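Bear in mind the structure is a predicted one, so any value in this text is a computation, not a measurement.
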Protein chains: 2
Amino acid sequence: MTGQVRTVDGRVAGRRGQATRQKLLDCLSEMLSSSPYRDVKVIDVARKAGTSPATFYQYFPDVEGAVLEIADQVASEGAGLAELLAGRSWAGKAGWLTAQEFVDGFLEFWRRNDAILRVVDLGAAEGDKRFYKLRMKVLNAVNGPLADAVAELQSKGRVDKDVNPAAVAGSLVTMLSAVASHQKGFTSWGVKQAELRPNLALLVHLGITGRKPTK
Amino acid sequence: MTGQVRTVDGRVAGRRGQATRQKLLDCLSEMLSSSPYRDVKVIDVARKAGTSPATFYQYFPDVEGAVLEIADQVASEGAGLAELLAGRSWAGKAGWLTAQEFVDGFLEFWRRNDAILRVVDLGAAEGDKRFYKLRMKVLNAVNGPLADAVAELQSKGRVDKDVNPAAVAGSLVTMLSAVASHQKGFTSWGVKQAELRPNLALLVHLGITGRKPTK
DNA sequence: ACTTGTCCTGTCATGTCGTCAGCTTACCGA
DNA sequence: TCGGTAAGCTGACGACATGACAGGACAAGT
């Protein structure tokens with residue numbers, strides 16, 4: 001479906017080539033976790049993968065190109081986050097459970113792909129359309145369902161008319177992603193990981209339903 | 001108060017030197033708004049300031065050093081955000097006004113220092129302690145007062161016992177900063193700037209007081 | 001005019017980037 | 001088994017940013 005993997009100069013990559021390519025991606029991914037994006041050098045990635053810089057340039061136009069490739073994989077995986085919200089209820093005790101499981105699932109996903117999502121976030125904030133698109137791909141997976149939930153409650157008169165579902169949902173989703181990126185910051189406010197989650201779930205529940213959860 | 005301005009090699013900078021130094025900072029600051037952080041080169045900053053790269057290195061160890069300098073100025077300015085919350089009430093109509101003005105002031109500050117705050121955010125997320133500290137300096141200015149507000153309402157029994165004030169306040173502040181960085185993302189969700197603000201204020205009010213505002 | 005200390009720049013060694021020609025390796029049909 | 005062909009890899013290279021240094025330019029006081 002995704003077509004053949006091709007090198008920069010147009011050749012189709014065979015088994016061996018794809019392996020090298022993947023190894024380069026893996027090494028890059030690993031390096032992103034341990035050192036700042038800006039400091040990742042082609043030569044380091046190549047060395048780590050046991051090959052030469054020239055080989056890197058056979059498969060990727062530059063570091064950013066390779067990062068986009070990784071980000072694309074992660075974004076595709078992230079689209080699955082929609083399942084956390086599919087067919088869930090926001091009423092009563094079930095609503096509180098929905099909020100909790102959503103927050104847990106989202107944070108877990110973000111924590112797992114910490115480094116790459118950080119780069120995507122920065123790229124998007126700096127106005128790069130390719131990163132922006134990838135960020136949206138992930139966030140839309142949950143933003144749509146959340147906004148729908150608000151809109152539905154609104155149509156039943158349980159949420160004020162002047163609430164903008166997309167704005168509220170988007171703000172909550174943005175909050176979750178940012179909190180996930182800065183979890184360490186909370187420890188210096190004396191907040192432990194375990195305490196953070198229920199409080200985030202509370203905020204999500206409050207934002208979506210406008211009411212405190214029934215526990 | 002901040003001591004004399006010194007060059008990298010220890011000389012004290014005179015009038016002329018301070019002027020060039022400031023010009024370099026201004027140019028760097030401007031370049032950060034228009035191009036990605038990674039792409040900012042010393043040679044470009046120097047050229048833009050009408051001087052040479054060597055001059056740049058007289059005043060700053062590297063680009064990051066200069067960025068930290070700018071960030072420090074912004075962080076000091078950001079400490080003034082505390083005034084948005086000093087002595088404000090969270091009850092009734094006054095509470096709604098507090099939330100609105102807080103959100104407006106915070107977003108305005110973030111928008112004004114967009115580029116540099118983005119870099120600080122990334123640096124902090126990547127674990128750089130210097131950036132982390134600066135980010136905290138800004139956020140603490142508002143996080144403390146917000147957490148206090150929650151704690152006070154809690155002591156009056158108007159907020160549940162199991163709410164963690166610091167966690168809620170921190171999450172809300174993180175939300176605001178992230179939303180400010182990604183305002184453009186909301187337009188593709190069909191949310192205009194003007195609609196965003198009241199909805200953010202609503203979320204803040206809900207988070208702090210646990211109740212819908214009385215308008 | 002001379003001295004002193006600040007300020008700037010030309011120049012250079014170093015290291016990365018990104019490209020290319022050319023060598024090696026794997027696959028395949030005869 | 002034996003080429004033939006395409007995939008795969010790398011050494012080498014010009015271009016460029018980095019960061020350090022020494023020495024020239026400049027302003028201010030004597």
So does [Y] get a backbone contact from the side chain of [X], meaning a donor-acceptor N/O pair under 3.5 Å?
{"X": "Thr51(A)", "Y": "Arg47(A)", "result": "no"}
{"X": "Asn140(B)", "Y": "Asn143(B)", "result": "no"}
{"X": "Ser188(B)", "Y": "Lys184(B)", "result": "no"}

Q | Contacts of type side-chain hydrogen bond (donor to acceptor under 3.5 Å, both in side chains), residue Ser76(B), not counting sequence neighbours | A | Lys137(B)
Q | Arg6(A): partners by side-chain hydrogen bond (donor to acceptor under 3.5 Å, both in side chains), with sequence neighbours left out | A |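 side-chain hydrogen bond (donor to acceptor under 3.5 Å, both in side chains) list for Arg6(A), sorted by chain: empty.
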Q. Do the ring planes of Trp96(B) and His205(B) sit parallel (below 30°), tilted (30 to 60°) or perpendicular (above 60°)?
A.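 Because their plane-to-plane angle is over 60°, the rings of Trp96(B) and His205(B) count as perpendicular.
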Q. Taking the six-membered ring of Phe186(B), is NZ or CZ of Lys192(B) closer than 6.0 Å to its centre and within 45° of its axis?
A.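 Not satisfied by the 6.0 Å and 45° rule.
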**Q.** side chain to side chain donor-acceptor pair (under 3.5 Å) between Gln22(A) and Asp26(A), worked out
**A.** CA-CA 6 Å; Gln22(A) 191 57 49; Asp26(A) 292 344; 3.2 Å; yes
Q. With sequence neighbours left out, which residue pairs that include part of residues 166-178 of chain B fulfil the side-chain hydrogen bond (donor to acceptor under 3.5 Å, both in side chains) condition?
A. none
For nucleotides 3-7 of chain C, which of its nitrogen or oxygen atoms have a protein nitrogen or oxygen under 3.5 Å away, and what is each distance?
unit_1	atom_1	unit_2	atom_2	d
dC7(C)	OP1	Gly14(B)	N	2.4
dC7(C)	OP1	Gly14(B)	O	3.3
dC7(C)	OP1	Gly17(B)	N	3.0
dC7(C)	OP2	Val12(B)	O	3.4
dC7(C)	OP2	Gly14(B)	N	3.1

**Q.** Interface limits on DNA chain D, where chain A has a heavy atom under 4.0 Å of a nucleotide atom
**A.**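 In short, chain A contacts DNA chain D from dA7(D) to dG11(D).
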Q.
Near DNA chain D, counting only heavy atoms under 4.0 Å, which residues of residues 21-42 of chain B show up?
A. Lys41(B), Val42(B)
Find the distance [X]:[atom1] to [N]:[atom2] and express it as a whole number of Å.
{"X": "Tyr57(B)", "N": "dT11(C)", "atom1": "OH", "atom2": "C1'", "answer": "15 Å"}
{"X": "Arg47(B)", "N": "dT9(C)", "atom1": "CZ", "atom2": "C1'", "answer": "15 Å"}
{"X": "Asp44(A)", "N": "dT16(C)", "atom1": "CG", "atom2": "C1'", "answer": "10 Å"}

**Q.** Close side-chain approach of Trp110(A) to Val138(A), heavy-atom, < 4.5 Å
**A.** yes
